[in-house]
Amino acid sequence: MSASRIASANTVRLSVVIPANTRRRIVAFGASLAFLSFLDRAAISQAAPAISRELHLSPARMGLVFSAFGFTYAAFEIPSGWLCDRFGARALLTRVVLWWSVCTAATGWAWNLPSLLAARLLFGAGESGCFPGLARVFRTWLSPKERNAAEGIKAASARWGAAITPALMAILYQRLNWREVFLLFGAVGVLWAVVFFRFYRDQPSSSVTVPTAARAHSSPAPGISWKKLLRARSIWALGIQWFCHYYGFLLLHHLAAALPLPIARARSA
């Protein structure tokens with residue numbers, strides 16, 4: 001299938017406004033998933049002292065565990081976007097959220113370094129489909145004027161997920177150990193996937209919440225070739241911007257996680 005056909009598949013341009021309640025539900029799906037994705041990926045840093053102590057992992061090996069997520073997350077971003085264009089956001093997001101939720105739970109089942117690395121590598125591969133899938137969801141259901149605000153809500157929700165994780169983990173640690181916390185987070189992801197699959201549809205034409213008039217005025221949007229995409233300066237500028245953003249974010253995130261390890265080891269000695 002050509003890139004142009006892939007880009008136009010499952011995409012709609014609406015000349016009739018979709019009901020506000022439906023649009024708000026779409027944004028709520030996106031915000032909640034962004035929150036959950038950053039909650040799941042930030043949990044490992046808060047659990048690091050307990051994990052390293054129980055599995056006898058040095059700070060260097062924990063650094064490898066932290067990095068494992070990023071390797072597969074980056075590697076599968078573009079394939080995940082292609083799969084979303086090919087099969088639709090409903091199929092992709094349901095499957096990747098189930099995938100990474102199982103891998104989140106599997107983090108709590110780890111018994112040594114190889115098993116923990118495997119769980120984190122697979123976790124990263126699953127989460128790679130999150131934001132390409134949500135981009136498709138917003139492109140399909142929201143008007144161009146609404147997408148910037150929706151993207152802002154989604155991005156803020158993701159950062160709130162990372163910000164709330166330390167306090168949430170501290171509360172949960174009063175009743176649960178680190179393994180049980182990962183099982184709990186995995187269960188929440190499975191619940192989200194079930195609700196999303198039940199209510200979301202890839203096209204307004206297949207949704208019972210959209211008036212018949214809106215369905216009748218849905219039409220395919222034009223695509224763009226991979227050649228033009230790769231030649232676009234704005235695409236490369238965005239890529240560099242996101243690289244710098246996540247380099248700083250993950251550096252500080254994992255540095256903050258690594259600092260308590262020597263302290264925790266000293267206290268347990």
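Owing to the predicted nature of the structure, the values given are computational and were not obtained by experimental measurement.
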Pairwise distance OG(S157) to CG(L39) - rounded to 0.5 angstrom: 12.0 Å
Heavy-atom side-chain proximity of W178 to Q46 below 4.5 angstrom: no
CA sep, side-chain torsions, deciding dist, call: S143, E146, side-chain hydrogen bond (donor to acceptor under 3.5 Å, both in side chains): CA-CA 5 Å; S143 69; E146 295 172 317; 3.1 Å; yes
Test log, rule side-chain contact (heavy atoms from CB on, under 4.5 Å), inputs N112 and L55: CA-CA 6 Å; N112 56 16; L55 301 184; 5.8 Å; no
Shared hydrophobic cluster, I26 / I18 (ILVMFWY, side-chain heavy atoms < 4.5 Å): yes
Enclosure of Y200 OH (heavy-atom neighbours >12, cutoff 6.0 Å): yes
Distance (rounded to the nearest 0.5 Å) between L116 CG and L64 CG: 9.5 Å
Straight-line distance of R120 CZ to T107 OG1, nearest 0.5 Å: 4.5 Å
Residue pair L113 / V65: nearest heavy atoms and the distance that separates them: CD1-CG2, 3.8 Å
Mutual orientation of the aromatic rings belonging to F123 and F69 [parallel < 30°, tilted 30-60°, perpendicular > 60°]: tilted
Residues E127, W99; criterion side-chain hydrogen bond (donor to acceptor under 3.5 Å, both in side chains); working and verdict: CA-CA 8 Å; E127 278 222 352; W99 178 280; over 6 Å; no
Validation row: L33, C130 side chains within 4.5 angstrom (heavy atoms): yes
Distance-minimising heavy-atom pair for A162 and A42: CA-CB, 4.2 Å
Side-chain donor/acceptor of E54 to backbone N/O of I51, under 3.5 Å: no
Nearest-0.5 Å distance, CG of residue L122 to CG of residue L117: 10.5 Å
Least distance between heavy atoms, C103 atom then A119 atom: CB-O, 3.8 Å
Parallel, tilted or perpendicular: ring planes of F185 versus F182, cut at 30 and 60 degrees: perpendicular
Linked, directly or transitively: L183 and V190 (ILVMFWY side chains, under 4.5 Å): no
Joint hydrophobic cluster, Y173 plus L168, side-chain heavy atoms closer than 4.5 Å: yes
Interatomic distance, R136 atom CZ to L93 atom CG [nearest 0.5 angstrom]: 11.5 Å
Matching residue for F29 among F138, F199, F196 - test: ring-ring contact (aromatic ring centres under 6.0 Å, His included): F196
Distance-only side-chain donor-acceptor flag, W109 / S115, under 3.5 Å: no
Gap separating the CG atom of D40 from the CZ atom of F35, nearest 0.5 angstrom: 10.0 Å
Backbone of G88 reached by a side-chain donor or acceptor of D202 within 3.5 Å: no
R179 side chain vs A110 backbone, donor-acceptor pair below 3.5 Å: yes
Over all atoms of both residues, closest heavy-atom pair of A125 and F76: CB-CD1, 3.9 Å
Sub-4.5 Å side-chain heavy-atom contact between E77 and S80: no
Any donor-acceptor N/O pair, W236 side chain to L230 backbone, under 3.5 Å: yes
Side chain to side chain, T22 and P19, heavy atoms closer than 4.5 Å: yes
Heavy-atom pair of closest approach, residues V137 and A89: CG2-CB, 3.6 Å
Within one Ile-Leu-Val-Met-Phe-Trp-Tyr cluster: F197 and F87, side-chain cutoff 4.5 Å: no
Within 6.0 Å of CD1 in I78, more than 12 heavy atoms from elsewhere: no
For the student: nearest non-hydrogen atoms of A68 and L121, plus distance: O-CD2, 3.4 Å
S37 side chain vs A34 backbone, donor-acceptor pair below 3.5 Å: yes
Any donor-acceptor pair under 3.5 Å from R139 side chain to A135 backbone: no
Evaluation steps, side-chain contact (heavy atoms from CB on, under 4.5 Å), between R23 and W141: CA-CA 7 Å; R23 301 198 309 275; W141 286 89; over 6 Å; no
Shared hydrophobic cluster for F131 and W160 (ILVMFWY, side-chain gaps under 4.5 Å): yes
